[in-house]
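Here is the structure we will look at, set down as structure tokens.
By convention in this document, chain letters (A, B, ...) are assigned in the order of the sequence lines, proteins followed by strands, and residues within each chain are numbered from 1. Note that the coordinates shown come from a computational prediction; the quantities given were computed from them, not determined experimentally.
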Amino acid sequence: MRGVCPHSKQPNVRDDLMLRAYSFIWQVTTQSYRPTVEHVFQNIHYSQMDIFETRRPFRDDYNPGRVVARDETIDKMGSAFQDFVDGYRPPDVCICGDSGIGKRTIIKHLLKVLQTKVETELVVTTVDCAEHNTIYKIYLALANKVCPDRYPNGTNPLLLQESIFQEMNDPDRTHFIILEHLEALGLEGPPFNDLQQARSTYSVENTECGFIGISNESRILGYLPKDVVHKSRMHTIETYPYDAHQLRSILELHAEIAFADGVLSESVIPKCAAIIAQETGQATEALQLLELSGYLALQSEAEQVTEDHVSKARNSLIQLQAYNKFTKELTAKEQLTCVIITAYNLVNGTAITPDDISRHYRERCRSFNLNQVKIRQVRNYIQDLDNKGLLDCEGYNAGRGGGIQTKYKLSVPPEPIIQGAIATSGRFKRLLQQQDVSINKFTETEEGIDFTAFSSRQ
DNA sequence: ATTCCACGGGAAATGGGGGTTT
DNA sequence: AAACCCCCATTTCCCGTGGAAT
């Protein structure tokens with residue numbers, strides 16, 4: 001039985017966490033509290049914004065300093081770390097659950113509180129496994145983050161391991177390594193064993209190091225190798241989507257800072273919470289919806305944000321996500337492919353075959369500084385777009401006359417893609433003009449939103 | 001039953017980061 | 001400095017397949 005010993009003389013992490021969870025202010029390590037030029041500009045904006053006080057709480061890197069609506073998870077995390085507070089080695093933790101439901105927030109928060117409970121200095125290093133998706137690349141990223149020297153691609157893995165754990169070999173410090181997007185590593189699973197083994201090989205007894213895995217794939221626990229999951233030092237924690245009540249408290253926390261006094265009509269936050277609770281339960285989405293609602297109110301020069309704005313915002317949420325996907329998650333090759341498909345759909349009113357996509361790609365790639373590629377490769381780009389949820393495919397089989405064939409069309413409204421394309425590069429604008437796509441029709445959505453303007457807020 | 005070909009999985013090649021040995 | 005090795009991403013090549021039309 002692992003967890004808190006009731007007779008322990010050591011401070012009880014869990015109780016303390018619960019207290020601090022509601023009072024703690026996050027302000028030390030992040031740069032966001034240092035006065036910067038950016039802040040000066042933000043202050044200028046305040047006077048111009050009637051609806052928003054500031055839009056900072058809606059940014060990805062914003063941290064409200066308090067954790068709400070996650071008592072149970074905090075509780076479990078507290079147990080996982082209790083042994084460490086009692087003087088044992090730091091634990092390995094694996095936390096999973098759908099994206100946007102508070103995993104990172106809780107871990108950051110917990111480590112901060114933990115720092116006040118132990119004497120050693122906690123050093124936290126984060127590695128994104130989506131970017132560094134093999135064990136070698138994780139070592140490489142770690143070496144570059146932890147050690148003062150720079151280690152280029154191709155550095156011998158053994159040297160990397162040695163450098164990392166030598167560097168960590170410091171009795172006054174305890175390292176926590178956060179591995180995000182564990183699911184990106186595939187079936188091999190989190191390299192906890194590998195890492196711990198390397199640790200014991202290359203370091204003397206002083207090296208203290210805990211690994212924290214984060215995965216968006218809640219099923220990951222199911223298909224991970226048993227010996228990884230059931231290691232005695234390994235704790236697994238699962239988080240679940242937020243319900244409407246929890247979303248409400250999260251929205252209120254952010255809205256208090258973001259919106260001017262009294263501009264939110266009473267039903268706005270409950271409505272946002274209810275809508276998202278029913279769909280995904282993701283805090284990030286709920287916040288997007290709320291921000292979009294406020295933006296629409298601002299656009300229409302309303303004095304208050306109303307339920308009506310929320311309804312409109314809801315219709316635009318998918319488009320906003322498509323815009324973000326296009327501008328932030330697609331590679332240049334995928335973007336070009338996507339724009340080609342969009343333009344063809346609009347001009348011809350029909351789906352497009354990979355042959356045609358490839359032909360257009362061949363013609364256009366030069367002006368985007370991309371290589372000419374064979375159709376097979378273009379198929380891969382198409383597949384990637386499809387996986388990212390931007391395409392619908394229509395399959396048909398012409399039998400003897402040609403076998404199976406597929407045509408593709410955009411699965412989202414064209415406005416966000418076109419806006420995203422134009423915002424990304426003037427070359428896309430020219431491409432669209434040359435294809436006779438009447439751009440002006442798409443610079444605003446049905447609800448009157450220009451996503452480029454929306455996203456370029458402070 | 002045969003025929004046809006886009007499709008897509010997977011192996012192999014290419015190219016580019018770098019290190020080490022002789 | 002030439003030759004060889006490590007690690008990665010991207011691209012090309014090869015080939016089995018599905019299934020309606022014939």
Side-chain angles (χ1 to χ4, degrees), chain A residues 127-167 177 179-191 194-195 197-198 201-202 328-341 344-345 348 350-411:
Chain A
V127 176
D128 185 352
C129 300
E131 198 180 334
H132 310 281
N133 54 6
T134 63
I135 302 214
Y136 175 79
K137 277 190 265 188
I138 291 174
Y139 282 127
L140 191 64
L142 267 180
N144 279 312
K145 287 197 173 182
V146 172
C147 310
D149 305 333
R150 220 194 86 70
Y151 296 86
N153 248 20
T155 309
N156 190 309
L158 296 179
L159 175 67
L160 290 177
Q161 291 186 0
E162 194 177 344
S163 316
I164 294 167
F165 293 107
Q166 289 281 322
E167 182 68 28
I177 291 167
L179 300 169
E180 293 189 329
H181 295 122
L182 271 187
E183 71 279 1
L185 295 174
L187 292 173
E188 288 168 41
D194 242 74
L195 288 162
Q197 203 173 355
T201 308
Y202 285 99
K328 294 182 193 150
E329 286 173 35
L330 298 191
T331 63
K333 297 155 191 174
E334 290 164 345
Q335 285 182 333
L336 177 56
T337 310
C338 187
V339 172
I340 288 169
I341 294 171
Y344 188 97
N345 288 168
N348 297 289
T350 59
I352 181 170
T353 62
D355 270 347
D356 285 335
I357 298 173
S358 177
R359 201 163 39 76
H360 281 114
Y361 191 95
R362 199 176 292 266
E363 285 166 12
R364 295 287 175 179
C365 60
R366 287 265 175 257
S367 58
F368 288 84
N369 285 331
L370 298 170
N371 294 331
Q372 282 212 359
V373 291
K374 297 274 187 269
I375 185 169
R376 179 66 184 84
Q377 186 58 16
V378 174
R379 277 214 169 79
N380 285 339
Y381 300 155
I382 297 171
Q383 198 62 55
D384 290 342
L385 287 175
D386 195 10
N387 290 340
K388 288 176 182 173
L390 290 171
L391 299 183
D392 275 339
C393 60
E394 302 169 354
Y396 66 96
N397 192 327
R400 206 175 191 175
I404 297 161
Q405 284 165 55
T406 320
K407 287 183 163 190
Y408 295 90
K409 68 179 197 314
L410 210 58
S411 66

Write down the distance between OH (A/Y381) and C1' (B/dG8), rounded to a whole number of angstrom.
-> 16 Å
With distance as the sole criterion, is a donor-acceptor pair present between the side chains of A/Q383 and A/N380 under 3.5 Å?
-> no
Do any N or O atoms of the protein come closer than 3.5 Å to N or O atoms of nucleotides 5-7 of chain B, and which pairs are they?
from: B/dC5; atom 1: O4'; to: A/G402; atom 2: O; distance (Å): 3.4
from: B/dA6; atom 1: O4'; to: A/I404; atom 2: O; distance (Å): 2.9
from: B/dA6; atom 1: O3'; to: A/I404; atom 2: O; distance (Å): 3.3
from: B/dC7; atom 1: OP1; to: A/T406; atom 2: N; distance (Å): 2.6
from: B/dC7; atom 1: OP1; to: A/T406; atom 2: O; distance (Å): 3.4
from: B/dC7; atom 1: OP1; to: A/T406; atom 2: OG1; distance (Å): 3.1
from: B/dC7; atom 1: OP2; to: A/R379; atom 2: NE; distance (Å): 3.2
from: B/dC7; atom 1: OP2; to: A/R379; atom 2: NH2; distance (Å): 2.0

When the ring planes of A/Y361 and A/Y381 are compared, do they come out parallel, tilted or perpendicular, using 30° and 60° as the limits?
-> tilted
A/R376 has an atom CZ; how far is it from atom P of B/dA12, in whole Å?
-> 16 Å
Roughly how many Å is it from OH in A/Y139 to C1' in C/dC6, rounded to a whole number?
-> 16 Å
N/O (side chain, A/K374) to phosphate O (OP1/OP2, C/dT10) under 4.0 Å = no
Between A/I352 and A/H360, is any pair of side-chain heavy atoms under 4.5 Å apart?
-> yes
Nearest 0.5 Å, what's the CZ-CD distance between A/R364 and A/Q372?
-> 13.5 Å
Would you mind checking if A/K388 and A/E329 are paired as a salt bridge, meaning a charged N to carboxylate O distance below 4.0 Å?
-> no
From NZ (A/K407) to OG1 (A/T350), nearest 0.5 Å | 5.5 Å
Separation of A/Q377 atom CD from B/dG9 atom P, in whole Å?
-> 13 Å
Write down the distance between CG (A/N371) and C1' (B/dG16), rounded to a whole number of angstrom.
-> 13 Å
